[in-house]
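Below is one structure, written out as structure tokens; the observations come after it.
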Amino acid sequence: MTQPKYIFVTGGVVSSLGKGLTAASLGTLLENCGLRVSLMKFDPYLNVDPGTMNPFQHGEVYVLDDGAETDLDLGHYERFTDSRLARPNSVTSGQIYQAVLENERKGDYLGQTVQVIPHVTNEIKRRIKQVGQQSPSDVVICEIGGTTGDIEGLAVLEAIRQMGHEMGPGNTLFIHVTLVPYIRVAGEIKTKPTQQSVAKLREIGITPQIMVCRSEKPIEESVRKKIALFCNVAEEAVIEEMDVKHSIYEVPLMLQQEKMDDLVCRWLRLRLPPAKMITWKRIIHRIVEPKHHVRIAVVGKYIGLQDAYKSVYEAIHHGGIANNARVEIVKVDAEDIEEHGAARVLRGMAGILVPGGFGNRGIEGKIKAVQYARQNKVPYLGLCLGMQIATIEFARNVCGLKGAHSTEFAPESPHPVICLLEEQKNVKRMGATMRLGAQACKLAHGTRSRALYGAEIISERHRHRYEFNNDYRRQLAENGLVLAGTTLDGELVELIEQKNHPFFIASQFHPEFKSKPHRAHPLFRGFVEAALRQKAGKRRA
Ligand code: GLN
């Protein structure tokens, strides 16, 4: 196998620039040039993985097929490309130090003093190269988390500098994503922060060859010239990436307009035609000029946060694209429902979704939201915790099981309809110990889910510790709950539905992780379709 070429994406000036989106969008372009692309992220923090981090700090934890709990940027990579992602595609400094220290304890360093250079940097290089070796790829795009100038990122930058030196010109490319702020009072775009962050990189020995300039205003000719001159890049290598107007899926097209595909290919000495972006353009057309409009409520706990339910929001929009509709997502704090009642908060919603979550806060509000959806026949989609909540609501209000609950929230509940998974009972350590990753699920004949998937056996990703309590299966089913999906051995309930309802599906797994803009997940496609029908029905009534 030939050695893949490496593109390193660093970020300057501030965080939250959309570096992940830029890397993913470059992936889209290169795949559409005909290349096999792998994407990976290196996060310089010391957590072994983001699985133990609070969504308020870090946004959603994105789960891969193999059960790796990763940074949400990997979600962008999967939505924008066909890159096959697995555990090695998400590396943290925590993993690096863990490996180095284990090696040291095993005596692998033969009496040497163990140091950041070369031991830590060598381990970083090994991990980055591993991604290029594990699946056949022509190009590996490696995004470096954090911002240049962070102390914790220094070893990573040194490692990629070494890779650039060792692999030689034409085989590596350094792209720096930077902020070019517009100062309103002066009416001017400023390049100084960008110059300074490149100076910081040069101090370490890295000279970026392409500058991606995030900005809210167009970058005029004179500004481009200035950035080119002071950052030591060609003028054509100053790429403008303005804030998107409609959707993040516009970014690949914006980059192509700046001829980034051509520039990158030339730099890597690949003779290829420009990226063929027809499918992508079609998606954007649907996003910009949809035929329909519908409002869907997401009832959660981390509502104030843009990133906490990232994949859920994206999958809902994909469902919209598939139905030629713009979905207006109304973010509802479950505690507001507790305070004001479901009818007041949820009136006028054509669909209600309760996503995954942990902890007690807002639980009763979520239960009320499900009750409202069930009784008023509003389409409902429940994801993970959203399925557990739907089970509790059904047990309490349809089966009359007073005090029914999940042992996560009420360990002494008289009716623990949701309880700890058997395999979880002896788990003490917190990191990577949930039921994680892809599991097969069998869908029952005649269910709505089976019709939507068009398959009997499906595979979906998980991240949970609690499950549907089998002691209550009979009672709930007798009262009309449809146990629509189970594990292949029939042991765990994975999906429930309700009859005599326009759309009521709730899954123990997370379908949102497998949705793409051009391939909406069947459950989200069906959910948005039902919401549109709901809205049309209301109008007719
Ligand atoms: N807290 C629940 C559990 O651990 C649900 C998890 C989730 O929604 N991801 O089972």
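Just so it is clear, the values below take in all heavy atoms, side chains as well, and ignore hydrogens, waters and symmetry mates. Each ligand, and each atom within it, is numbered from 1 in the order the structure gives.
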### Atom-level proximity to ligand 1, residues with heavy atom under 4.0 Å
G356, G357, F358, C384, L385, Q388, E408, R463, H464, R465, Y466, H510

## Note on the structure
ring pair (Phe, Tyr, Trp, His ring centres under 6.0 Å) pairs touching residues 431-457, sequence neighbours excluded, are Y453-H521

### Query
Does the side chain of F358 come within less than 4.5 Å of M434's, by heavy atoms?
yes

### Message
Can you pull out every side-chain hydrogen bond (donor to acceptor under 3.5 Å, both in side chains) where at least one residue sits in residues 366-381? Sequence neighbours excluded, please.
### Response
R374-E393

### Task
Could you tell me whether F513 and H462 have their ring centroids closer than 6.0 angstrom?
no

### Task
For residues V298 and V332, determine if any side-chain heavy atom of one lies less than 4.5 Å from a side-chain heavy atom of the other.
no

## Note on the structure
For K516, the salt bridge (charged side-chain N to carboxylate O under 4.0 Å, His left out) test, sequence neighbours excluded, returns D82

